[in-house]
Amino acid sequence: MNTSSNAYTVSYVAVMVIIVAALLAVTAGSLGEKISKNKEIDNKIQVLASLNVESDFDNAEELYAKYVKREIAFEGEKEFNVLKKVIFECEKDGKTYFVLPQEGAGLWGPIWGYLSLEADKNTVYGAYFSHKGETPGLGAEISTPAFQSQFVGKHIFKNGELVSIAVVKPGKIDESKDYVDGIGGGTITSQGVDKMMLESLNCYKDFLTTK
Amino acid sequence: MSKNSNVITNPLSKNNPVIVQVLGICSALAVTAKLEPAIVMALSVTVVTAFSNLVISLLRNTIPSRVRIIVQLVVVAALVSVVDLVLQAYMYPVSKQLSVFVGLIITNCILMGRLEAFALGNKPLPSFLDGIGNGLGYGLILIIIGAVRELLGSGTLLGFRVIPEVAYEYGYMNNGLMILPPMALIVVACIIWVHRSRNKDLQEK
């Protein structure tokens with residue numbers, strides 16, 4: 001057969017593309033349910049992480065059902081693309097906590113996280129951050145416990161105003177609100193976390209200011 | 001049989017895709033700030049090179065030569081997409097860690113290089129082995145660079161602290177420069193330097 005004729009080339013490519021498209025469609029279709037289920041479990045792991053509950057793929061659903069009592073749907077000005085805009089009402093060791101999803105932008109792509117507050121809706125109980133593609137070793141350090149644990153015990157209100165928590169250059173101080181150290185070399189991502197928290201918390205302002 | 005084993009061992013040293021042919025430098029730079037992604041990337045590339053070599057070798061007599069690059073790209077892209085989906089479905093934590101790097105395999109020049117230079121002209125079995133050999137040769141360098149950069153840049157290996165706390169108390173500091181991409185190139189250059197000085201036949205006259 002003449003493999004360099006035009007007709008052969010065109011039909012070869014056409015058939016190949018159809019076969020590959022079909023193959024990918026079948027794979028994506030058959031795995032789609034499993035993948036979205038995985039993503040759901042992953043979100044639950046993240047919510048639990050902000051409550052300082054360690055979980056893995058096997059026990060996340062069970063622990064989630066144990067601690068998270070209610071999801072309160074919420075409206076706010078800021079658009080969320082990655083996470084659901086809901087408030088998770090949780091109970092751990094007889095105490096109530098509220099988990100607030102956060103979403104913003106880092107240097108290369110979206111960053112998001114969950115902040116858990118104690119029943120006073122002011123004191124931070126735990127924080128969890130993650131990102132799509134920040135630089136490993138620099139911006140990506142926001143997803144490490146070393147960064148996240150700094151938030152514990154900080155307050156999002158100062159003198160009755162919702163001011164969020166500042167992420168500052170290590171060594172700097174911010175008089176106007178509680179602050180944590182940012183990531184050296186990850187300035188844009190640190191500023192992203194700062195902005196994300198301020199904007200996201202403002203979404204929940206009505207909820208946070210009603211006692 | 002010894003010819004087949006040569007196909008695997010050659011790319012590990014004398015014909016290494018990264019330090020001799022200088023291919024795949026881009027991803028060697030992107031994923032080596034830490035050791036763990038470097039290892040997973042090495043494995044993924046090995047799987048994809050091996051199977052794309054196999055598929056192209058099976059099709060080699062039917063592929064119209066004018067569109068062969070397109071055919072190669074489609075095969076590689078399809079394989080990578082399938083690998084990505086399978087990882088997401090069955091090894092979600094791993095796929096989350098790799099994130100964009102899986103997609104980056106498509107743009108790895110080693111793949112196109114091997115398909116073009118080897119798979120188009122050889123039988124399926126040697127092609128498959130050639131893919132494995134080149135994937136391992138690439139992975140070996142990646143792991144060396146990843147280990148050096150993580151050790152000197154973060155003081156850890158695979159996330160475990162290697163440099164003792166005592167050293168920090170006496171004023172030792174992690175070299176933050178190691179985490180930045182340019183240091184990957186400098187480490188590659190050092191490896192090439194050592195490799196060439198040990199292999200006289202690689203040196204240009």
Side-chain angles (χ1 to χ4, degrees), chain A residues 1-43 45-46 56-58 60 108-109 130-141 143-144 146 183-186, chain B residues 30-38 55 59-68 70-101 103-104 146 149-150 153-154 156 159 174-181 183:
Chain A
M1 196 178 359
N2 176 13
T3 58
S4 56
S5 77
N6 284 346
Y8 179 81
T9 307
V10 170
S11 43
Y12 189 91
V13 172
V15 170
M16 175 186 71
V17 168
I18 291 168
I19 292 175
V20 169
L23 178 79
L24 287 182
V26 168
T27 325
S30 58
L31 296 177
E33 212 170 291
K34 236 181 149 65
I35 292 172
S36 51
K37 177 95 184 139
N38 282 344
K39 286 190 173 151
E40 215 173 277
I41 298 179
D42 189 47
N43 270 333
I45 293 179
Q46 298 183 17
D56 57 34
F57 250 74
D58 301 320
W108 304 116
S130 189
H131 59 91
K132 181 100 193 276
E134 299 304 302
T135 323
L138 300 176
E141 295 290 302
S143 60
T144 58
I183 310 284
Chain B
V31 301
T32 52
K34 292 258 157 72
L35 183 54
E36 198 176 346
V55 173
L59 296 175
R60 71 186 185 284
N61 293 326
T62 69
I63 297 175
S65 64
R66 276 182 293 174
V67 293
R68 66 182 193 286
I70 296 171
V71 174
Q72 290 162 13
L73 256 184
V74 170
V75 169
V76 172
L79 269 173
V80 170
S81 308
V82 169
V83 167
D84 192 23
L85 285 169
V86 169
L87 281 180
Q88 278 188 38
Y90 294 102
M91 298 166 73
Y92 193 81
V94 176
S95 93
K96 209 182 147 192
Q97 211 168 33
L98 281 178
S99 61
V100 294
F101 300 141
L104 276 178
R149 289 180 71 194
E150 188 176 345
S154 314
T156 56
N174 287 327
N175 184 351
L177 194 60
M178 269 295 172
I179 292 169
L180 300 175
M183 285 314 287

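To find a chain, count down the sequence lines: A is the first, B the second, and so on, and within it residues start at 1. Quick caveat: nothing in here was measured; it's all calculated off a predicted structure.
Residues satisfying the side-chain hydrogen bond (donor to acceptor under 3.5 Å, both in side chains) criterion with A/Asn6, sequence neighbours excluded, are B/Arg66.
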| request: I would like to know whether A/Lys39 and B/Tyr92 meet side chain to side chain contact (heavy atoms under 4.5 Å, CB included); could you show each step before the answer? | output: CA-CA 8 Å; A/Lys39 286 190 173 151; B/Tyr92 193 81; 3.3 Å; yes
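Closest approach of B/Ser81 to A/Leu24, counting heavy atoms only: CB-CD2, 3.8 Å. Here the closest non-hydrogen pair linking A/Asn38 and B/Ala89 is ND2-O, 3.0 Å.
Heavy atoms of A/Lys37 lying under 4.5 Å from chain B are absent altogether. When heavy atoms are compared at a cutoff of 4.5 Å, A/Ser5 approaches chain B solely by way of its backbone atoms N, CA, C and O. Looking at B/Ala78, both its backbone and its side chain come within 4.5 Å of chain A, counting heavy atoms on both sides.
Taking A/Ile45, A/Asp42, A/Leu23 one by one and counting their heavy-atom pairs under 4.5 Å with chain B, the maximum is reached by A/Asp42. Taking B/Val75, B/Val71, B/Leu180, B/Val86 one by one and counting their heavy-atom pairs under 4.5 Å with chain A, the maximum is reached by B/Val71. Residue with the most contacts toward chain A among B/Val82, B/Ile63, B/Asn61: B/Ile63 (heavy-atom pairs, distance under 4.5 Å).
The line from OG1 of A/Thr135 to CD1 of B/Ile179 is 10.5 Å long, rounded to the nearest 0.5 Å.
The neighbour count for A/Phe57 CZ, taken as heavy atoms of other residues, nucleotides or ligands under 6.0 Å away, is above 12.
Residue pairs meeting the side-chain hydrogen bond (donor to acceptor under 3.5 Å, both in side chains) criterion with at least one member in residues 11-20 of chain A, sequence neighbours excluded, are A/Tyr12-B/Thr62.
When the heavy atoms of residues 13-21 of chain A are compared with those of chain B, the residues falling under 4.5 Å are A/Val13, A/Met16, A/Val20, listed by number. Residues of residues 26-33 of chain A that come within less than 4.5 angstrom of chain B, heavy atom to heavy atom, are A/Thr27, A/Ala28, A/Leu31 in numerical order.
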